[in-house]
Amino acid sequence: VSGVVYTWNPGGVVADSLNVTAPGVYTLTASNNGCQNSSNITISSTVPPIVNLGADMDFCGCDTSVSITANVSGTYVWSPGNDTTQAISVSSTGTYAVTVTDHNQCTASDDITITIRCLTVNAIVSDPVTGTVLAGHNAYLDVDSFSYTGTFHYLWTPTTFLDDSSQKSPHVIAPSTTTTYLVMVTDQTYGCVAYDTVTLAVVPPGMIPMPTAFSPNGDGINDTYGPV
């Protein structure tokens, strides 16, 4: 208003408006021709909440569930998902963000990337593919599939008949008995571990490996005989 002098306290700042940087009670006094009128305003806070979800995290496990918690009070909106609780539980790789609104309607956000690695492997007899050999005949084991790519360490047990139990595809030399092998595969970067087993069947000398299927057997394939 023309002719009116506005004074803010504390500070004695003469101005129509005042920018504040700290909470407190501020008094505005309006003066005009010796007349004065004052009014107070309380600023509860000028600092928005500080949200910190922590550093990004890596986990190993196929059934892993991770809890993420906002570290300040208020109301919450998470994404993805629009959950409104202070903490959420996640079980898949992704970036998760929360926006927190405090009682002064100030907002702040933070996000965190969760990486969950589920390592699975498949052990096989790669040669012969039937998984059965005559006693004294060589064979090969292998790990033929992984749930993700990486750099891995291998350990086969027992070491019986194996040329090198630390190889991905060890050579089974002259086996004399049927053996079930366990392979432990370790991710050398992240430490994830997976296991699988495979059995190499060994037929004793003098025995002929028996087929696993016969005809006629009612399956409609080679069920009849006739001249050719």
Side-chain angles (χ1 to χ4, degrees), residues 1-121 145-153 185-194:
V1 177
S2 178
V4 178
V5 176
Y6 299 99
T7 304
W8 294 90
N9 283 293
V13 178
V14 178
D16 291 350
S17 61
L18 179 70
N19 291 324
V20 299
T21 59
V25 178
Y26 295 86
T27 302
L28 172 64
T29 301
S31 304
N32 186 15
N33 295 325
C35 298
Q36 291 185 339
N37 193 15
S38 298
S39 181
N40 297 330
I41 184 172
T42 299
I43 304 297
S44 299
S45 176
T46 59
V47 179
I50 299 175
V51 183
N52 183 9
L53 296 179
D56 296 342
M57 294 185 286
D58 287 89
F59 296 91
C60 294
C62 297
D63 298 309
T64 299
S65 181
V66 181
S67 179
I68 311 171
T69 303
N71 63 318
V72 294
S73 299
T75 59
Y76 313 91
V77 178
W78 292 87
S79 65
N82 291 320
D83 291 295
T84 57
T85 54
Q86 186 172 3
I88 62 171
S89 181
V90 302
S91 56
S92 59
T93 294
T95 298
Y96 300 89
V98 65
T99 297
V100 180
T101 303
D102 68 11
H103 65 283
N104 294 313
Q105 300 305 303
C106 297
T107 64
S109 300
D110 193 24
D111 62 61
I112 185 173
T113 297
I114 302 295
T115 303
I116 299 175
R117 292 177 173 83
C118 172
L119 178 60
T120 60
V121 297
S145 65
F146 301 82
S147 55
Y148 64 82
T149 59
T151 303
F152 302 104
H153 175 266
V185 181
T186 304
D187 183 334
Q188 291 185 296
T189 303
Y190 300 102
C192 303
V193 179

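Hydrogens, waters and symmetry mates are skipped; everything else that's a heavy atom, side chains included, is used. Residues take their numbers from the sequence shown, with the count starting at 1.
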**Request:** Check the pair N82 / V77 against side chain to side chain contact (heavy atoms under 4.5 Å, CB included), numbers first and verdict last.
**Result:** CA-CA 5 Å; N82 291 320; V77 178; 4.0 Å; yes
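- Taking every heavy atom of both residues into account, P48 and C106 meet most closely at CA-CB, 3.9 Å.
- Residues Y148 and D187 have side chains in contact (heavy-atom distance under 4.5 Å, counting atoms from C-beta outward).
- Remark: the T113 side chain and the T95 side chain contain an N/O donor-acceptor pair separated by less than 3.5 Å.
- Here the closest non-hydrogen pair linking T27 and S38 is CG2-CB, 4.2 Å.
- Scanning all heavy atoms of the two residues, the minimum distance from Q188 to F152 falls at OE1-O, 3.7 Å.
- No side-chain N or O of T101 forms a donor-acceptor pair with one of T107 less than 3.5 Å apart.
- Residue I116 is tested with D63, D58, T93 for a side-chain contact (heavy atoms from CB on, under 4.5 Å); the sole match is T93.
- Considering all non-hydrogen atoms of both residues, W78 and A70 come closest at CZ2-N, 4.0 Å.
- Remark: L28 CG to T7 OG1 distance equals 8.0 Å, nearest 0.5 Å.
- When all heavy atoms of V72 and P49 are compared, the closest pair comes out as CG2-CB, 4.3 Å.
- Looking only at side-chain heavy atoms (C-beta outward), P80 and Y96 come within less than 4.5 Å of each other.
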**Request:** Go through Y76 and I88 one step at a time and tell me if the side chain to side chain contact (heavy atoms under 4.5 Å, CB included) criterion holds.
**Result:** CA-CA 11 Å; Y76 313 91; I88 62 171; over 6 Å; no
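- Side-chain contact annotation: S65 with S91, donor-acceptor N/O pair under 3.5 Å absent.
- Minimum heavy-atom separation, T186 to V193: OG1-CG2, 4.0 Å.
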**Asked** Can you check side chain to side chain contact (heavy atoms under 4.5 Å, CB included) on T115 and D56, steps first, answer last?
**Response** CA-CA 8 Å; T115 303; D56 296 342; over 6 Å; no
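- In this structure, T21 OG1 and I43 CD1 are separated by 11.0 Å, a value rounded to the nearest 0.5 Å.
- Distance OG/S73 to NE2/H103: 10.0 Å, rounded to 0.5 Å.
- For N40, the CG atom sits in a packed shell: over 12 heavy atoms of surrounding residues, nucleotides or ligands are nearer than 6.0 Å.
- Residues V51 and N71 are in side-chain contact: their nearest non-hydrogen atoms beyond the backbone lie under 4.5 Å apart.
- A distance below 2.5 Å between sulfur gamma atoms is met by C192 and C60.
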**Message:** Between I68 and V90, does the side chain to side chain contact (heavy atoms under 4.5 Å, CB included) criterion hold? Intermediate values first, please.
**Reply:** CA-CA 8 Å; I68 311 171; V90 302; 4.1 Å; yes
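- Contact check for Y26 versus P10: side-chain heavy atoms found under the 4.5 Å cut-off.
- In this structure, I114 and F59 have side chains that are in contact, with non-hydrogen atoms separated by less than 4.5 Å.
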